[in-house]
Amino acid sequence: MNVLVTGGAGYIGSHVVAVLHAAGHHPVVLDNFSHSRPEVVQKLERLTGAKIPLVQADVRDDQAVLTALKIHEVEAVIHLAGLKVVGESFTDPLEYYEVNVHGTAVLARALEAAGVFHLVFSSSAAVYGKSDTLPVNESQRLDPAHPYGRSKWHAEQILADLAASDERWHLVGLRYFNPVGCHPSVLIGEAPSEIASNLMPAVARVAAGWQSEVEVFGQDYPTVDGTGVRDFIHVMDLAQGHLTALDYLVQHSGWDVFNLGTGRGVSVLELIAAFEQACGHSLAYRIASRRPGDIAASFADVTKAHQILGWVARHDLADQCASAWAWQQALSAAPS
Ligand SMILES: NC(=O)c1ccc[n+]([C@@H]2O[C@H](COP(=O)([O-])OP(=O)(O)OC[C@H]3O[C@@H](n4cnc5c(N)ncnc54)[C@H](O)[C@@H]3O)[C@@H](O)[C@H]2O)c1
């Protein structure tokens, strides 16, 4: 299929493009490069050995999107273009609603005009917020703890309403847990400018000597060791999940959501210990106070994705740390 990948130059999008190409699809990247660089697309071309068509546009630019859909004869869209930094969403909520919610509505309108009714939407485990029960399953009450999570929730609601209004729509939302690691080629990964607030890259920076210690936000949570517990998922597993969702979409109309995680909760201290194994030396950390919007624990019930999509994450924590360390070493070796 010809698949438009919005946000295709970003961290997850670039891996989705690589996996789509490897599966025989024809990905087209649409990105405004607000949080990525055009070089990523060149790297994707090196990696795939194929020309990857690129549309530099904002997803809120309906005419540009419509033109891209027509010119590239797009049959399905994977919509990853969005903003994702929780802290920033508290200080600039409007920007988050404009890009993540309005952007999704504009895209959907353009799809309708072009007669393209197949869409995979990049949602987040952040839609759950503080969960009543763990692991978190898809039918759980949604109660996002911050504007970012609420923006994803609203975008999901738009898509659910759309599917209910017209049976031509085939829509799937993927609720990602915490993506980490990079492509096995180590050519693409998470951009260093984008990683400040995520744990794994922060740990990798300490391992590389870029930072003196890992800040651990809170050690008084009701968890195994008092630190936050999350479900880390290798970005290649996540990218693979999009392929299976695309296969599913072709067969199924309506709207549905799936968790993409490993199903295993890992504490911050457990992750640091696993990374020490990967990099071969100990890592300094310091306990800091909790951050606004953080919750104690979140990990996925992945039964639905397994049973309906036939998808399961294959990479364990050791693989994830090895991959994140390989990427950090590549960044360290790159000329600044
Ligand atoms: N990384 C995570 O931890 C995580 C977790 C859950 C969900 N998500 C969601 O997955 C998606 C991709 O995340 P990522 O980690 O790859 O982030 P990223 O910032 O690396 O990628 C997002 C891409 O979208 C582009 N973009 C942003 N606004 C745009 C706009 N208005 N028009 C066109 N392009 C635009 C950026 O330039 C970037 O290339 C996001 O929607 C994010 O909310 C990410």
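This one's a predicted model, so the numbers in the text were calculated from it and none came from an experiment. Counting starts at 1 for both ligands and their atoms, in listed order. Numbers here are sequence positions counted from 1.
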Checklist line | Tyr96-Glu88 side chain donor-acceptor pair, cut-off 3.5 Å | finding: yes
Next item on the list: May I ask you to check if ligand 1 and Gly10 share an N or O to N or O distance below 3.5 Å?
Entry: yes
Next item on the list: Decide, yes or no, whether a salt bridge links Glu138 with Lys304 under the criterion of side-chain N to carboxylate O below 4.0 Å.
Entry: no
Next item on the list: Compute the shortest N/O to N/O distance between Ser34 and ligand 1 and return yes if it is under 3.5 Å, no if not.
Entry: yes
Margin query: Quick check on contacts: which atoms of ligand 1 are under 4.0 angstrom from a heavy atom of Leu83?
Written below: 43 (O)
Next item on the list: Classify the contact between Val99 and ligand 1 as side chain, backbone, both or neither, using a heavy-atom distance cut-off of under 4.0 Å.
Entry: side chain
Next item on the list: Could you tell me whether Leu30 and ligand 1 have an N or O pair separated by under 3.5 Å?
Entry: no
Note to self: Are Arg60 and Val99 packed together at the side-chain level, in the sense that at least one heavy-atom pair is separated by less than 4.5 angstrom?
What the structure shows: yes
Notebook entry, point to check: Who gets closest to atom 31 (N) of ligand 1 by heavy atom: Val180, Asp58, Asn198?
Noted result: Asp58
Notebook entry, point to check: For Asp220, what residues pass the salt bridge (Lys or Arg N to Asp or Glu O under 4.0 Å) criterion, not counting sequence neighbours?
Noted result: Arg290
Next item on the list: Please state whether Gly103 comes within less than 4.0 angstrom of ligand 1, counting heavy atoms only.
Entry: no
Margin query: I want to confirm something. Looking only at heavy atoms, which of Phe177, Tyr11, Tyr148, Phe33 is nearest to atom 7 (C) of ligand 1?
Written below: Tyr148
Which donor-acceptor pairs under 3.5 Å do side chains of residues 15-25 form with protein atoms, sequence neighbours excluded?
residue	atom	partner	partner atom	Å
His15	ND1	Tyr11	O	2.7
His15	NE2	His183	N	3.0
His25	ND1	Met1	N	3.0

Margin query: Yes or no: does Asn100 have any heavy atom under 4.0 Å from an atom of ligand 1?
Written below: no
Check: Do Arg291 and Glu215 meet the salt-bridge criterion of a basic N to acidic O distance under 4.0 Å?
Finding: no
Check: Is Ser123 in polar range of ligand 1, meaning some N or O pair under 3.5 Å apart?
Finding: no
Checklist line | Carboxylate-amine/guanidinium contact Arg175 Glu156, below 4.0 Å | finding: yes
Checklist line | Within-shell test, Ala57 vs ligand 1, heavy atom, strictly < 4.0 Å | finding: yes
Margin query: Using heavy atoms and a 4.0 Å limit, tell me yes or no: is Lys152 in contact with ligand 1?
Written below: yes
Next item on the list: Can you sort out which atoms of ligand 1 are near His35, meaning under 4.0 Å from one of its heavy atoms?
Entry: 19 (O), 36 (C), 37 (O)
Next item on the list: Please identify which atoms of ligand 1 are closer than 4.0 Å to at least one heavy atom of Ser122.
Entry: 9 (C), 10 (O), 11 (C), 41 (O)
Note to self: With heavy-atom distances below 4.0 Å as the criterion, list the atoms of ligand 1 near Ala9.
What the structure shows: 39 (O)
Checklist line | ligand 1 N/O within reach of Ser36 N/O, cut-off under 3.5 Å | finding: yes
Note to self: Just so I know, are the side chains of Leu271 and Val203 near enough to count as touching, which here means a heavy-atom distance under 4.5 Å?
What the structure shows: yes
Notebook entry, point to check: Given side chains that start at C-beta, do those of Thr262 and Phe299 come closer than 4.5 Å, heavy atoms only?
Noted result: no
Check: So which of Tyr176, Phe121, Trp311 actually passes ring pair (Phe, Tyr, Trp, His ring centres under 6.0 Å) with His242?
Finding: Tyr176
Note to self: Counting only heavy atoms from other residues, nucleotides and ligands, does the tally under 6.0 Å from CZ of Phe217 exceed 12?
What the structure shows: yes
Notebook entry, point to check: Do any heavy atoms of Leu80 fall under 4.0 Å from ligand 1?
Noted result: yes
Next item on the list: Please verify whether a non-hydrogen atom of Thr6 lies at under 4.0 Å from ligand 1.
Entry: no
